[in-house]
Amino acid sequence: MDYKETKAPLSTITYDKNEIEAPTENIYEAISIIAKRANQINSDIKNELVEKLEEFATYNDSLEEVFENKEQIEVSKFYERLPKPTAMAVEEWLQGKVYHRTPETE
């Protein structure tokens with residue numbers, strides 16, 4: 001999934017509890033699924049950021065030399081401006097993009 005194109009809100013908003021729990025008919029189960037998806041999103045974003053920042057890595061032993069790379073700062077700022085993983089997960093949940101199943105009922 002392309003997290004850069006998400007329509008998730010950047011700030012906190014209030015959601016309708018009935019809309020959140022509708023797919024599972026249990027608010028706790030729905031929140032648990034959303035939380036697991038948020039962890040997946042967070043992990044994906046973190047890995048992507050680390051890969052991009054490794055391009056700018058300089059390996060030297062000198063502590064006196066600190067380079068300020070404008071491209072690296074821009075990449076970091078971009079990822080800081082993204083919506084929070086929980087907001088992305090809730091948005092995916094409400095759009096029906098999150099697959100979930102209960103092994104006990106299958």
Side-chain angles (χ1 to χ4, degrees):
M1 167 137 202
D2 190 16
Y3 302 117
K4 297 165 189 81
E5 303 297 322
T6 184
K7 303 283 190 251
L10 295 173
S11 62
T12 305
I13 66 168
T14 304
Y15 292 100
D16 181 13
K17 175 183 134 341
N18 296 328
E19 197 175 333
I20 297 283
E21 73 179 4
T24 61
E25 298 178 357
N26 184 334
I27 188 69
Y28 300 108
E29 186 176 345
I31 290 173
S32 176
I33 294 167
I34 292 169
K36 289 176 185 176
R37 178 63 184 137
N39 286 336
Q40 290 174 343
I41 292 171
N42 189 42
S43 177
D44 291 347
I45 291 174
K46 182 179 177 184
N47 290 339
E48 186 177 316
L49 176 60
V50 167
E51 285 177 15
K52 288 188 179 189
L53 291 179
E54 281 180 356
E55 295 174 11
F56 303 108
T58 56
Y59 300 102
N60 58 2
D61 294 336
S62 175
L63 294 176
E64 292 121 19
E65 295 182 40
V66 176
F67 297 103
E68 188 173 298
N69 189 333
K70 292 184 190 248
E71 294 168 348
Q72 181 179 3
I73 292 170
E74 288 301 315
V75 168
S76 296
K77 284 184 179 180
F78 172 79
Y79 280 94
E80 287 175 3
R81 286 189 296 260
L82 282 177
K84 301 290 182 213
T86 30
M88 291 184 204
V90 170
E91 193 65 28
E92 287 181 4
W93 178 256
L94 293 175
Q95 293 175 358
K97 295 180 179 178
V98 177
Y99 171 76
H100 64 92
R101 64 187 177 98
T102 309
E104 295 86 33
T105 60
E106 294 178 358

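FYI, the numbering just counts along the sequence from 1.
- Linking ILVMFWY residues whenever their side-chain heavy atoms come closer than 4.5 Å, directly or via other members, places Y15 and Y28 in the same cluster.
- P9 and P83 get closest at one heavy-atom pair: O-CB, 3.6 Å.
- The main-chain N or O of N39 is never found under 3.5 Å from a side-chain atom of S43 such that the two would form a donor-acceptor pair.
- Taking each heavy atom of A30 and E21 in turn, the nearest pair found is CB-CA, 4.2 Å.
- Here I41 contributes atom CD1 and L82 contributes atom CG; the two are 11.0 Å apart, rounded to the nearest 0.5 Å.
- In terms of modelled atom types and a separation under 3.5 Å, the side chain of W93 and the main chain of V98 share no donor-acceptor contact.
- A continuous path of hydrophobic side-chain contacts links M88 to L49 [ILVMFWY only; heavy atoms under 4.5 Å].
- Hydrophobic cluster membership is shared by I33 and V90, with clusters built from Ile, Leu, Val, Met, Phe, Trp and Tyr side chains linked at under 4.5 angstrom.
- The side chain to side chain contact (heavy atoms under 4.5 Å, CB included) with R37 is formed by just one residue from the set E92, H100, K97; it is E92.
- Taking the side chain as every heavy atom from C-beta outward, E71 and V75 never approach each other to under 4.5 Å.
- Clustering ILVMFWY residues whenever any of their side-chain heavy atoms sit less than 4.5 angstrom apart, transitively, puts I27 in the very cluster that holds I13.
- I34 and A89 get closest at one heavy-atom pair: O-CB, 3.5 Å.
- Under the 4.5 Å side-chain contact rule for hydrophobic residues, V50 and F78 do not share a cluster.
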